[in-house]
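Presented below is the structure to which this report refers.
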Amino acid sequence: MAHDASASHGHDVDYLNDGKTVWSWLSTIDHKRIGIMYLVTVLIFFGVAGLLAIGIRLEHWGPTRTIMGPDTYNKVFTLHGAIMVFMFIIPAIPSALGNFLLPLMLGAKDVAFPRLNLFSYYVFLFGATLAVVAILAGQGVDTGWTFYTPYSIKSQTGVILTVLGAFIMGMSSILTGLNFIATIHKLRAPGMTFHRMPLFVWATYATSIIQVLATPVIGITLLLLVAERVLKVGIFDPALGGDPVLFQHFFWFYSHPAVYIMILPGMGIISEIMPVFSRKPIFGYRAIAYSSLAIAAISFLVWGHHMFVSGQSDFSNIIFSFLTVLVAVPTAIKVFNWLSTMYKGSIKLDVPMLYALAFLFLFTIGGLTGIFLAALSIDVHLHDTYFIVAHFHYVMMGGTVMALFGGLHYWWPKFFGRMYPEKLGRFAWALVFFGFNLLFLPQFYIGGKGMPRRYYNYDPVYTLGHQVSTIGSLMVGFGLMLTLGYLFWAAKKGQKATQNPWGAKTLEWTDAASPPITHNFHGQPTVDNWPYEYKSERV
Amino acid sequence: MFWQSAYASTVGLPQSSTIAPTVDILYDFLVYLSVFFLILVTVVMVYFTVKYHRSKTGRETAYIVGSHTLETIWTVVPLVLMLFVFAWGLKGYREMRAPMKDPVEINIIGRQWLWNIEYTNGRKTLNELVLPKGKPVRLIMTSEDVLHSFFIPNFRIKQDVVPGRFTTLSFIATQPGVHIVFCAEYCGTAHSDMLAKAVVVEPEEFDEWTRTGKLPAHVNLNQIIGAVGAPTSVAAATGNGSSQPSQTPAERGKALAASKGCIACHSDNGTRMVGPSYKGIFGKKEEMADGTMVTVDENYIRKSLMDPNAQIVKGYTPSMPPFAGLLKDEEVNDLIAYIKSLK
Ligand SMILES: [Cu+2]
């Protein structure tokens, strides 16, 4: 079924050369180009938010003022969190990689609604711009990315507009989610049953469901905030008879499922990389696929675990703690299944695989420390300390971002038809991996010792931990800059890639050229097996 | 002076309340459990990468698509472990929340960025929570403005302080000495300076203190257990009754500015914070919000402390809390001497 599409058919240009003007990009309805536009956009946000993070770490080199005042510091950590969450990590994998890969993996020409797809991109861009302008015009938002009331009501900064921006970006992810669900249901290649879909598609499917169901809540919250500000109806503000804790319920009812919007697609990437670089079938395909759905379902029921000391009732705390420990189970299943995939394989440690292994290690730490926080008595002590900060960075950055970079290296030859530089890639990976652990391991320790988060000044007993962390942040920053630098260099100047350099078995590799032609495939690919059929072979 | 517990837990903090050991033992269990699983995952991962590396030739890869037995094992084992952890955490939590018999009740009001503390007999303090050792205590807390959170790491307790409602914390302190209290819920500019001290004394000393306001001589408010004391605030503080005689009034004033929370809003170096800096204000003519001109002298400062909202300095919001009833006359004098000294 595989035939090298790049060879003869001269009349079919690849998607990168099908129109060279800027307008041809801005007005494209090609899912691949839209994916690349998302990618560039989110990576710019990643860079900005990353620099802000370095700013935070430099400030904490010493216990008191180092490079900025307290108000600046508060705005910096707010911006760092808000940009990373709403403008980078939520859209990164689904919108950028998902857009590019989903139709290719399904054997389709495009997503179900290509025009809607372009529209979603502009909605996203509009929301992001609005949020950034609101933040800059209002002299910065200093509420933390969580916008807790009543501080966010009292603080003079442009909260409403920023939340509006977040909601508009949410609209965009609803549209993308709908588009993906329709695509997965309707545009699979002949022969591709649900159980022959690549696991990345399964993960995207689960993610899309969460996006469609959870995002409206942030819209409702926004409307309530506006009603309160403009009409003076007491909803969240105690001064008007409202309840500030109610806001936390609304906020986490969206933002907790959003955590899984962030991590599930990352898990999908790992499920692709592990079998390809082990040359073995994925271990426990169905368990991995269904556990994505299980995680998506439970994710709607655990928001209260962010609020164990908020003053919510003891009874609610107990229920939420119980449901939260359950999430650990599907997560553990995945980790063990990925590990088993390597057993008796033929493992090659190219950069994508290195990132996948880094993911396994770091995500395991992120998951295990989550158990501490699910246990009620311990969370009381650890809540709002650096332990939390370290935990979610291990999950979000050690998990999602490592998966994203693994995925970028893995699919870069498909995106641009060129290879990234392998040696440089390994060096940068080492910097990122070791730097990351230097950055966040000490934060577990000082967090356990009580260091509260969002603290501008801190007690000198924590100095050493902070300094190690700062050194780690510089290593990570340097490593990531290097990586992005060589990736974009390679997109233009790298060694030419073959159609399927990794010997993978999913359709984007077996049936589409590198880079793919505008219509993805010559003719309609058909499927007669699952995409992990690595027969026993001699090494 | 650092108190050593018989059982050193991985938390790395002294266990200074009855609940602390209960929390720590589960924490330790989870640390060991996590280390075990992390090592397991890492060892397996490294072993497989080395053993099945593509360079190890002369063998065949296996065709394995899964194993029901194995998958059942790693569904059931984590599930059982997780339920066990849930139950254990619940047990500790119940102990934490159980109502105690005849507690000493103390009212706490949080506001940006200080803690007002009031005892049942009307004694008030600022950022200083004096507690009887070994006796049940119940804090009844609320906030005047935004969310705060009352967190005593050495006691392993924390509770958000919410405007418009009361939240409570019950505990029994076991270790005499001074413990740091953090505000753990982000509350704005001086969030990290919103510190207090929990001072645990013997029950008789506590009774004496509630009557007279005098802390026993052996209490040194600068010696905080397990912490250095935050550099900008409480560290420099010498609070009620324990100032050393050798200090000048201005030095005592400087310490008071820290312990009474003034430094959350006022700097001594000319930097504008929530309130004006003290530097150079003494003797200066200032414009008030209503347009009147005022010369900063002793009386004006006194009035600024007792009834700050009577006259608002132009360009600032009326956000300073009144200190009437919270500062003794000598303390006001010391603060004035300190402000005078900042030329
Ligand atoms: Cu506070």
Side-chain angles (χ1 to χ4, degrees), chain A residues 63-64 70-71 144 148 150-151 154 238 244 279-281 283-284 287 309-311 314 318 321-322 325 328-329 332-333 336 339 342-348 357 360-361 364-365 368 371-372 375-378 380-381 383-384 448-450 452 454-457 459-461 535-539, chain B residues 11-13 23 26-27 30 34 37-38 41-42 44-45 48-49 52-54 57 59-66 71 74-75 78-79 82 85-86 89-90 92-93 96-97 146-147 149 153 156-160 162-164 167 182 184-189 191-193 227-228 230-232:
Chain A
T64 52
D71 287 320
Y148 273 15
Y151 186 78
K154 294 215 157 63
R279 297 205 64 73
K280 273 240 352 252
F283 189 96
V309 300
S310 69
D314 287 353
I318 293 167
S321 167
F322 176 74
V325 295
V329 178
I333 296 177
F336 289 120
L339 271 182
M342 295 163 68
Y343 174 69
K344 289 200 171 171
S346 161
I347 295 165
K348 192 141 186 288
L357 296 181
L360 270 189
F361 180 81
T364 301
I365 297 182
L368 288 167
I371 303 173
F372 287 70
L376 277 172
S377 61
I378 301 185
V380 168
H381 176 63
H383 179 75
D384 265 333
K449 282 179 75 103
R454 296 174 172 175
Y455 256 34
Y456 172 71
N457 292 313
D459 193 290
V461 286
K535 289 265 185 303
S536 177
E537 63 189 32
R538 260 211 96 63
V539 188
Chain B
V11 181
L13 285 175
V23 174
L26 176 54
Y27 189 96
L30 287 179
S34 302
F37 275 105
L38 182 64
V41 167
T42 313
V44 170
M45 186 163 87
F48 284 177
T49 0
Y52 305 120
H53 193 265
R54 206 160 291 174
T57 48
R59 60 193 175 88
E60 280 196 359
T61 61
Y63 181 86
I64 307 170
V65 296
E71 288 182 90
W74 59 61
T75 306
L79 182 64
M82 285 303 99
V85 169
F86 161 72
L90 176 60
Y93 183 69
M96 226 175 242
R97 307 291 297 179
V146 298
L147 298 172
S149 189
R156 313 289 186 277
I157 55 166
K158 177 185 294 124
Q159 174 62 55
D160 282 6
V162 183
T167 52
F182 291 126
E185 183 62 63
Y186 173 69
C187 59
T189 310
H191 169 51
S192 65
D193 298 331
V228 177
T232 49

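Convention: sequence-line order gives letters A, B, ...; per-chain numbering from 1. Keep in mind it's a predicted model, so treat the numbers as computed, not measured.
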Under 3.5 Å, is there a donor-acceptor pair between the side chain of S192(B) and the main chain of Y455(A)? no

Contact leader toward chain A among F37(B), W74(B), Y63(B), F182(B), where contacts are heavy-atom pairs under 4.5 Å: W74(B)

Reported OH-to-OH distance for the pair Y52(B) and Y343(A), which is rounded to 0.5 angstrom: 5.0 Å

Atom pair OG1/CE of T364(A) and M45(B) - distance to nearest 0.5 Å: 7.5 Å

If you look at every heavy atom in S346(A) and R59(B), which pair is closest and at what distance? CA-NH2, 3.9 Å

For chain B, find which of V329(A), I333(A), D314(A) contributes the most heavy-atom pairs closer than 4.5 angstrom. D314(A)

Report yes if the side chains of H381(A) and V11(B) come closer than 4.5 Å at any heavy-atom pair, otherwise no. yes

Identify which of L339(A), V539(A), I378(A), V461(A) forms the greatest number of heavy-atom pairs closer than 4.5 Å to chain B. V539(A)

For atom CZ of F322(A), decide whether the heavy atoms of other residues, nucleotides or ligands shown that lie under 6.0 angstrom number more than 12. no

Only residue of K280(A), R538(A), R279(A) satisfying salt bridge (charged side-chain N to carboxylate O under 4.0 Å, His left out) with E60(B) is R538(A)

Donor-acceptor check, side chain of K158(B) to backbone of H383(A), threshold 3.5 angstrom: yes or no? yes

Could you look at V162(B) and say if it's the side chain, the backbone, both or neither that has a heavy atom under 4.5 Å from chain A? side chain

Applying a strict 4.5 Å limit to non-hydrogen atoms, the region of M96(B) in contact with chain A is side chain

Would the distance check show the side chain of S536(A) and the main-chain N or O of T61(B) forming a donor-acceptor pair, the cut-off being under 3.5 Å? yes

For chain A, which candidate among P153(B), G89(B), G12(B) shows the most heavy-atom pairs at distances under 4.5 Å? G89(B)

Less than 4.5 Å apart, side chain to side chain, heavy atoms only: is that true for R156(B) and V380(A)? no

Is Y151(A) close to L147(B) at the side-chain level, that is, under 4.5 Å between some pair of heavy atoms? no

Atom pair CG/CZ of L38(B) and F361(A) - distance to nearest 0.5 Å: 4.5 Å

Which atom names give the shortest non-hydrogen contact between Q159(B) and G311(A), and what distance separates them? NE2-N, 3.6 Å

Scored by heavy-atom pairs under 4.5 Å with chain B, the best of A375(A), P70(A), S310(A) is S310(A)

Hey, which of T42(B), T49(B), I157(B), T167(B) has the most heavy atom pairs under 4.5 Å with chain A? T49(B)

Tell me, side chain or backbone of Y148(A) under 4.5 Å from chain B's heavy atoms, or both, or neither? side chain

Donor + acceptor pair across side chains of D71(A), T189(B) (<3.5 Å): yes

Before giving the answer on side chain to side chain contact (heavy atoms under 4.5 Å, CB included), spell out for E71(B) and F283(A) the whole-Å C-alpha distance, their side-chain angles and the decisive distance to 0.1 Å. CA-CA 10 Å; E71(B) 288 182 90; F283(A) 189 96; 4.1 Å; yes

Between chain A and each of P78(B), G66(B), G164(B), G92(B), count heavy-atom pairs under 4.5 Å; write down the option with the most. G66(B)

Compare all side-chain heavy atoms of Y93(B) with those of S321(A) and state whether any distance is below 4.5 angstrom. no

Okay, P281(A) and chain B: the region with an atom under 4.5 Å from a heavy atom over there is both

If I take atom OH from residue Y456(A) and atom OH from residue Y186(B), how far apart are they, to the nearest 0.5 angstrom? 12.5 Å

Pairwise side-chain contact, L26(B) with F372(A), heavy-atom cut-off 4.5 Å (strictly under): no

